[in-house]
Amino acid sequence: MTYLSPTPIKDALRSNAPIDAVRLQGWVRTRRDSKDFSFIELNDGSSLRNLQIIARNTLSNYADVQRLTTGASIAVSGALVASQGKGQKWELVADKIEVIGTAEDSYPLQKKGHTPEFLREIAHLRPRSNLFSSILRVRSRLAFAVHEFFQDRGFIYVHTPIITGSDCEGAGELFRVTTLDPAAAESRTTDGEIDYKKDFFARPTYLTVSGQLEAEALALALSKVYTFGPTFRAENSNTSRHASEFWMIEPEMAFCDLNGNMTLAEEFVKYLIADARKHCPDEMELFAKFVDKELLVRIDFVVERPFQRITYSDAVDLLKKSGEKFEFPIDYGLNLQSEHERWLTEKHFKCPVTVFNFPKEIKPFYMRLNEDGKTVAAMDLLVPGIGEIVGGSQREERLEVLQENMRRHDMVPADYKWYLDLRRYGTAPHSGFGLGFERMLMFITGVPNIRDVIPFARTPGSAEF
RNA sequence: UCCAGCGUAGCUCAGUGGUAGAGCGGUCGGCUGUUAACCGAUUGGUCGUAGGUUCGAAUCCUACCGCUGGAGCCA
């Protein structure tokens with residue numbers, strides 16, 4: 001049996017001229033009967049758009065074709081011709097339709113709109129919906145753009161470990177990694193405690209919550225590096241912005257201070273938005289139509305306008321003088337609450353805002369102490385609707401100051417010998433940040449729930465698929 | 001984890017103490033180069049689960065499960 005190579009529907013739709021012989025494969029979105037033939041809308045995921053198939057009643061298996069329902073998979077060969085109807089340029093007049101797989105009439109996806117909540121329950125089928133296939137195409141494109149952005153700027157892509165022995169990376173609860181059977185007696189010491197000496201790595205290990213500490217080591221050799229990989233948090237967070245497994249991008253730059261860091265973060269956010277606008281126009285239009293009518297206005301505004309920068313203490317002053325009634329108190333030394341961040345980006349500046357120089361008491365040990373002795377060179381990039389999308393800092397490069405920071409955070413410096421070594425041997429000012437890939441996707445697509453920008457989301461109590 | 005809300009047909013939802021409903025989907029028929037086609041008929045239910053109140057519960061009460069929104073933690 002010899003076949004023509006299958007053509008992606010995306011390519012067929014872009015054709016400049018009719019084609020005598022084309023073979024397509026995909027899933028039926030809908031079928032309508034006409035007098036002597038049937039219209040089939042076929043989608044193969046290569047594009048948001050369907051290709052219309054004309055199935056004439058002269059086909060030997062026309063009776064089978066008329067039984068095709070939404071969801072069935074078929075292979076079609078025929079001629080790509082100019083469409084006689086309105087609404088599409090090209091259509092395919094089939095001379096052969098093979099039914100590969102029928103779809104039972106309980107197939108849950110319909111031509112009509114479905115709620116994201118329902119689609120989440122059928123995570124294995126939702127990639128066939130317009131909304132999710134669009135999200136997944138944008139996700140793919142933006143993952144590519146992440147690499148393009150950093151590679152163009154001379155960054156080296158590094159892979160930091162997913163299994164880590166460090167239980168204090170300054171963020172969140174960790175998932176334990178072990179091969180010990182907790183029920184087995186040989187896993188325990190004579191006191192009944194878990195005996196990690198007998199565990200696979202001969203010590204407690206966890207899934208990483210951040211590749212930052214390792215990225216610092218690599219940046220202090222390769223100058224500019226970035227990671228892009230999975231990250232795990234065992235926080236019992238049940239919100240539309242939190243997942244237990246997500247992807248994070250973490251650039252780290254030697255010989256770079258907080259200013260350079262903020263500039264890079266702002267450029268990066270703009271670059272990703274512009275890339276989606278340029279390369280995913282159909283998908284962006286779909287999001288603007290069905291997810292968020294204000295989407296394109298908002299993100300275009302973000303690309304065009306410079307971001308606001310404000311110190312933490314100025315932000316606190318602004319909030320205090322705002323006259324706004326906040327549920328939570330606002331004062332120097334307290335964390336900014338969601339409502340405060342929203343006021344800054346959504347009400348006051350109406351654009352992304354980078355807040356920097358936070359009190360040292362509310363930030364982790366590795367952030368660089370400023371000359372005032374009270375603040376650290378930290379920054380949070382806030383965007384309307386999502387809140388914090390980037391968190392970063394200049395790192396403390398002075399050995400003595402770092403050791404002092406550790407003691408203040410009740411850490412034992414000796415446990416971090418390799419990290420301190422970086423300050424003993426050729427230390428240099430360095431900076432970096434973390435950007436949550438899914439939060440960026442939410443911002444760019446307008447999709448309000450993180451569970452809907454991940455194909456198979458992991459959240460507390462949920463790992464079905 | 002805390003607060004609030006919601007679970008009725010494959011999907012979206014109405015029904016708020018007295019015979020379980022509509023639209024869409026599926027099936028059958030009609031019409032038709034259609035565009036979420038159209039017209040007619042038909043199919044489809046353990047009303048989330050388990051108890052309780054009542055002559056009688058989808059409806060009221062309790063517990064549990066699931067989902068959603070908000071908060072905290074964060075990216």
Side-chain angles (χ1 to χ4, degrees), chain A residues 29-41 49-56 66-71 81-88 91 93 102-122 125 129-130 169-173 208-212 230-250 265 290 326-328 335-339 341-342 362-364 380-383 386-392 433-443 448-453 459-462 464:
Chain A
R29 279 298 174 77
T30 175
R31 188 183 55 78
R32 296 179 287 275
D33 280 328
S34 190
K35 194 174 181 188
D36 300 318
F37 55 92
S38 195
F39 294 103
I40 300 169
E41 300 260 356
R49 294 166 195 252
N50 306 322
L51 188 68
Q52 178 164 284
I53 312 280
I54 308 297
R56 295 208 170 107
Q66 284 196 297
R67 276 196 295 273
L68 285 173
T69 54
T70 305
V81 303
S83 177
Q84 297 174 30
K86 287 173 191 159
Q88 61 279 318
E91 63 190 19
V93 179
T102 57
E104 295 179 16
D105 61 17
S106 58
Y107 184 66
L109 286 167
Q110 297 172 23
K111 290 175 274 190
K112 299 213 167 192
H114 288 292
T115 61
E117 292 78 15
F118 168 67
L119 291 170
R120 252 171 246 159
E121 295 168 16
I122 50 165
L125 295 173
S129 69
N130 284 338
E169 297 185 5
E173 300 284 321
T208 184
V209 294
S210 164
Q212 181 201 313
T231 307
F232 306 87
R233 304 271 167 95
E235 296 282 356
N236 192 7
S237 299
N238 292 288
T239 82
S240 56
R241 307 179 303 282
H242 289 84
S244 311
E245 175 183 308
F246 63 98
W247 282 58
M248 189 155 64
I249 297 138
E250 295 181 286
F290 293 111
F326 292 114
E327 190 187 340
F328 290 90
N335 268 310
L336 297 182
Q337 303 289 318
S338 289
E339 57 175 347
E341 297 178 348
R342 294 181 84 119
I362 59 173
K363 289 291 177 184
D380 284 352
L381 202 168
L382 313 174
V383 295
I386 313 280
E388 185 178 342
I389 200 165
V390 169
F433 63 81
L435 177 137
F437 186 52
E438 282 80 9
R439 287 196 180 168
M440 192 67 212
L441 278 170
M442 290 167 72
F443 184 61
N449 196 308
I450 197 166
R451 298 173 183 96
D452 298 333
V453 295
T459 51
S462 178
E464 188 189 348

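Letters go in sequence order (proteins before strands), and every chain restarts at 1.
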### Message
On the side chain of A/S237, is there an atom forming a donor-acceptor pair with the base of B/C73 - under 3.5 Å, no angle test?
### Response
yes
### Phosphate OP1/OP2 of B/A37: any A/T30 side-chain N/O under 4.0 Å
yes
### Message
For A/R32, is the CZ atom crowded, meaning more than 12 foreign heavy atoms sit under 6.0 Å from it?
### Response
yes
### Query
Quick one: does A/Q88 reach the base of B/U34 with a side-chain donor-acceptor pair under 3.5 Å?
yes
### Query
Hey, does A/R49 have a side-chain heavy atom less than 4.5 Å from the side chain of A/E41?
no
### Task
With the side chain of A/S240 defined as its heavy atoms from C-beta on, choose the nearest nucleotide among B/U68, B/G70, B/U32.
B/G70
### Base B/U1 paired with A/N238 side chain (donor-acceptor, <3.5 Å)
yes
### Query
Regarding A/Q66 and A/S38, is there a side-chain donor-to-acceptor distance under 3.5 Å anywhere?
no
### Query
Do A/Q110 and B/G25 have a side chain to base donor-acceptor pair shorter than 3.5 Å?
no
### Task
Would you classify A/E388 as touching base, sugar-phosphate or nothing, given that sugar-phosphate means primed atoms plus P, OP1 and OP2, and contacts are heavy atoms under 4.0 Å?
sugar-phosphate
### Query
What about A/E91: does its side chain form a donor-acceptor pair under 3.5 Å with the base of B/G33?
yes
### Task
Would you kindly check whether a donor in the side chain of A/R439 faces an acceptor in the base of B/C74, or vice versa, at under 3.5 angstrom?
yes
### Message
Can you confirm whether A/R120 is buried at CZ, in the sense that more than 12 heavy atoms of other residues, nucleotides or ligands lie under 6.0 Å from that atom?
### Response
yes
### Query
For the side chain of A/R241 and the base of B/A75, is some donor closer than 3.5 Å to an acceptor across the two?
no
### Message
Can you tell me the base-pairing partner of B/G7? Count Watson-Crick or G-U wobble geometry only, both distances below 3.5 Å, and say none if there is no partner.
### Response
B/C65
### Message
Going by purine N1 to pyrimidine N3 plus the second Watson-Crick contact, or the G-U wobble pair, all under 3.5 Å, which nucleotide sits opposite B/C38?
### Response
B/G30
### Task
Indicate, yes or no, whether a donor-acceptor pair under 3.5 Å links the base of B/C11 to the side chain of A/H114.
no
